[in-house]
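Start at 1 and go down the list; that is how both ligands and their atoms are numbered.
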Amino acid sequence: MSQSRKLYVKSFGCQMNVYDSRRMADTLASHGYVETAAAEDADLIILNTCHIREKAAEKVYSELGRVRRLKQAAAANRRVLIAVAGCVAQAEGEEIIRRAPAVDLVFGPQSYHRLPMLLARAERDGRAVDTDFATEDKFAHLAPPSAAAIRARGACAFVTVQEGCDKFCTFCVVPYTRGAELSRPVQSIIAEIELLAKAGVREVTLIGQNVNAYHGMGPDGRPWSLARLLERAGVVPGIERLRYTTSHPHDMEDELIAAHRDLPKLMPQLHLPVQSGSDRILAAMNRSHTRADYLSLVERLRHACPALALTSDFIVGFPGESEDDFAATLSLVAEVGFSGAFSFKYSPRPGTPGAEMPEQIDEAVKSERLQRLQRTIDERQAAFNRSCLGRTFDVLFERPGRHSGQLVGRSPYLQPVQATAPASLIGDIAAVTITEIASNSLFGTLAAVGPRAAATRPAETVLVATGA
Ligand code: SAM
Ligand code: SF4
C-alpha cells in the first residue's frame, strides 16, 4: 500500500485493550496507516471494545452511532471502514453487523495479527468477520512499534505477557471472550522490553488477565514463573521500574511474594482483586480463596515488603448477597486498609453461571451498597494519601502539568504527583517531597534533580494506612 491512510483507534476497558490497540496501530503502520486523534479524518475507525459489564458493552453501540454519521458524511469523498475489535466483537460476532450495518469488520482479540488480511477482505467483499481463536502465536505476527511511536507514548509502557483465563469466576466473561490461559515465551517478551527501553521507556507493567498464572517458555526450554520473568526484565538496561497486573490471589506463590522483598525495581504496590469479604459469596463466585486465605496472603506480602500498598476490585450485589455478606466486605476493607480500590455493581453477563442464579439483587440495593462501599474505600484512600505528606518519593515524570513549569509523574504507589520541574525531566526519575494533598493527586517540590544511581524504591517508604 503506497498511499498513507489515517487510522483512528478508540479503546474501551482494561489496559490489555490499550496494549492491543497500540499493537494493531503498529501492525497497520507497516501497511501505510498513520494514527490520527480525530475520528472525522480517519479512513479506518477501530473500536476496541470491552464486554466485562453491560454498561461497557452498550457504550460501543452509542459510539457506533457517532462513527456511522462520520462515515456517511465522508461518503462523497472517500470510503471509511468501521471495525469492531475486542471482547464485544468476540462475544457478539455477526450480531454486531445485524445491529449496526455500517460496520465493515468484526474481529476478536485472537485475530489482531490477521488484521491486514481481514481489511483487504472487507474492502473486497464489503464485510469480514473473524472470531476464531488463533492456533498460531499472535504476538509473533504483530509488528513491533517504531522508536518514534514508543517515544510518543511516553516513559511508561504495558507489555502483555499472558492472555486468557482458566479460572471461570461465575460472574466473568473473560474466559469466554479471551479464551484459555496462554503465556508468551520469555525471549519474545524480553526482546520487546529491550526495544521499549532503547527508545526511552523506564517503567514496564507486565499485564495479563491473570498475570501471576504466567508460565511462559524460558530460553532454557522450561516454563518460567512470573517472579523469574520480573527478575530478568529488571536487568534490561534502562528499565528502572517494574509492575505487574492483574493478579489472582490463588496464584500468588511464595516465589512471587519473595520478589517483592528481593527485587528493588519492583514497585511496592500491588493490585490484588478480592471481589467480596464474605466466604459464602466468594464460594458462589468460584473464587477459590476464602477471606482468611486473602488476609493471610496480605500478611505474607507485607512481611516480605513492609512498604507495600494494596489496591483491589470489589463486586457488590452478586446474586444472594445479604446485608451480612456486604458488611463482611466493608469490614475487609477496614481490616486490610487498601490504598485504593475499584468497585462495581454486579452486572449479569450472558452465558456466565451468575446470570442464571436465582436471588438476583435489586438494582436499588446494589446502588446503595456501592455508594457505601465507595465511601469506605475513599476514606481509606484519603488516609493513605495523607500519610504521604512530608515524605520524599522517587517520581517518574511523564508529561507537562496543567500549569506552565509543572510536570506530572507517578509515585511508586501510582499516585499522580505534580511538581514544578524543568521539561527536561520528562522521562526521568527524580526525588520529590510531598507538600500538599488534593483529592486525586499529590503536589510536591523537587528534592534532588537528575537520574539517580540505583534507587527505585521510594526514597523514604510510606507506612500503609491500616485500621481506622
Ligand atoms: N482477572 C482479574 C481478577 O481475577 O480479579 C480481574 C479481571 S476483570 C477484567 C476486572 C474486574 O471487573 C474484576 O476484578 C471484577 O471486579 C470486575 N467484573 C468482572 N465481571 C464483572 C461483572 N459481571 N459485574 C461487575 N463487575 C465485574
Ligand atoms: Fe475473570 Fe479474573 Fe475470574 Fe478470570 S480470574 S474469570 S479474568 S475475574
protein heavy-atom neighbour closest to atom 4 (Fe) of ligand 2 works out as Cys165 SG, 2.2 Å

Tyr413 and Phe384 aromatic centres sub-6.0 Å: yes

If you count the atoms of ligand 2 from 1 in the order shown, which ones are under 4.0 Å from a heavy atom of Phe171? 8 (S)

Identify the protein heavy atom lying closest to atom 11 (C) of ligand 1, giving its residue, its atom name and the separation to 0.1 Å. Asp313 OD2, 3.4 Å

What atoms of ligand 2 come closer than 4.0 angstrom to any heavy atom of His248? 5 (S)

May I ask you to decide whether Glu192 forms a salt bridge with Arg23, counting only side-chain N to carboxylate O separations under 4.0 Å? yes

What do you reckon, does Phe171 have a nitrogen or oxygen under 3.5 Å from a nitrogen or oxygen of ligand 1? yes

Sub-3.5 Å N/O-N/O distance, Tyr346 and ligand 1: no

Residue, atom name and distance, where the atom is the protein heavy atom closest to atom 19 (C) of ligand 1: Ile52 CG1, 3.4 Å

What residue and atom, counting heavy atoms only, is the protein's closest point to atom 3 (Fe) of ligand 2, and at what distance? Cys169 SG, 2.3 Å

Is it true that the NZ or CZ of Arg184 lies under 6.0 Å from the centre of Phe139's six-membered ring and within 45 degrees of the ring axis? yes

Among all protein heavy atoms, pick out the one at the shortest distance from atom 24 (N) of ligand 1; state its residue, atom name and that distance to 0.1 Å. Ser347 N, 3.0 Å

Would you mind telling me which of Ile97, Ile46, Ile96, Leu115 makes a side chain to side chain contact (heavy atoms under 4.5 Å, CB included) with Leu105? Leu115

Could you list the atoms of ligand 2 found under 4.0 angstrom from a heavy atom of Asn210? 4 (Fe), 5 (S)

Examine the proximity of ligand 1 to Arg349 and report which part, side chain or backbone, both or neither, has a heavy atom under 4.0 Å away. side chain

Note: ligand 1 atoms sitting under 4.0 Å from heavy atoms of Gln209 are 1 (N), 2 (C)

Within 45 degrees of the axis of the six-membered ring of Phe107 and under 6.0 Å from its centre: does Arg114 put its NZ or CZ there? no

Using a heavy-atom cut-off of under 4.0 Å, does the side chain or the backbone of Arg287 touch ligand 1, or both, or neither? side chain

Reported CD-to-NE2 distance for the pair Gln275 and His289, which is rounded to 0.5 angstrom: 7.0 Å

Atoms of ligand 2, numbered as shown, that sit under 4.0 Å from any heavy atom of Pro175: 6 (S)

If the cut-off is 4.0 Å to any non-hydrogen atom of His248, which atoms of ligand 1 fall inside it? 4 (O)

Kindly assign one of parallel, tilted or perpendicular to the pair Phe342 and Phe344, based on the angle between their ring planes and the thresholds 30° and 60°. parallel

among protein heavy atoms, the one nearest atom 26 (N) of ligand 1 is Arg53 NH1, 3.2 Å

Could you tell me whether Tyr294 and His248 have their ring centroids closer than 6.0 angstrom? no

salt_bridge(Arg153, Asp26) N-O dist < 4.0 Å: yes

Which atoms of ligand 1 sit under 4.0 Å from any heavy atom of Gln275? 5 (O), 13 (C), 14 (O), 15 (C), 16 (O)

With a cut-off of 2.8 Å, does any N, O or S atom of Cys172 fall short of it relative to atom 4 (Fe) of ligand 2? no

Between Tyr214 and the options Asp251, Val186, Leu206, the side chain to side chain contact (heavy atoms under 4.5 Å, CB included) test singles out Val186

Could you tell me whether Arg99 sits above the aromatic face of Tyr61, with NZ or CZ closer than 6.0 angstrom to the six-membered ring centre and within 45 degrees of the axis? yes

Only heavy atoms of Lys345, strictly under 4.0 Å: list the atoms of ligand 1 that pass. 24 (N), 25 (C)

May I ask you to list the atoms of ligand 1 that are less than 4.0 angstrom from any heavy atom of Thr246? 2 (C)

Name the orientation class of the two ring planes belonging to Phe318 and Tyr346 (parallel below 30°, tilted from 30 to 60°, perpendicular beyond 60°). perpendicular

Less than 4.0 Å from atom 7 (C) of ligand 1, is there any heavy atom belonging to the protein? no

For this output row, return yes or no: ring centroids of Tyr33 and Tyr8 closer than 6.0 angstrom. no

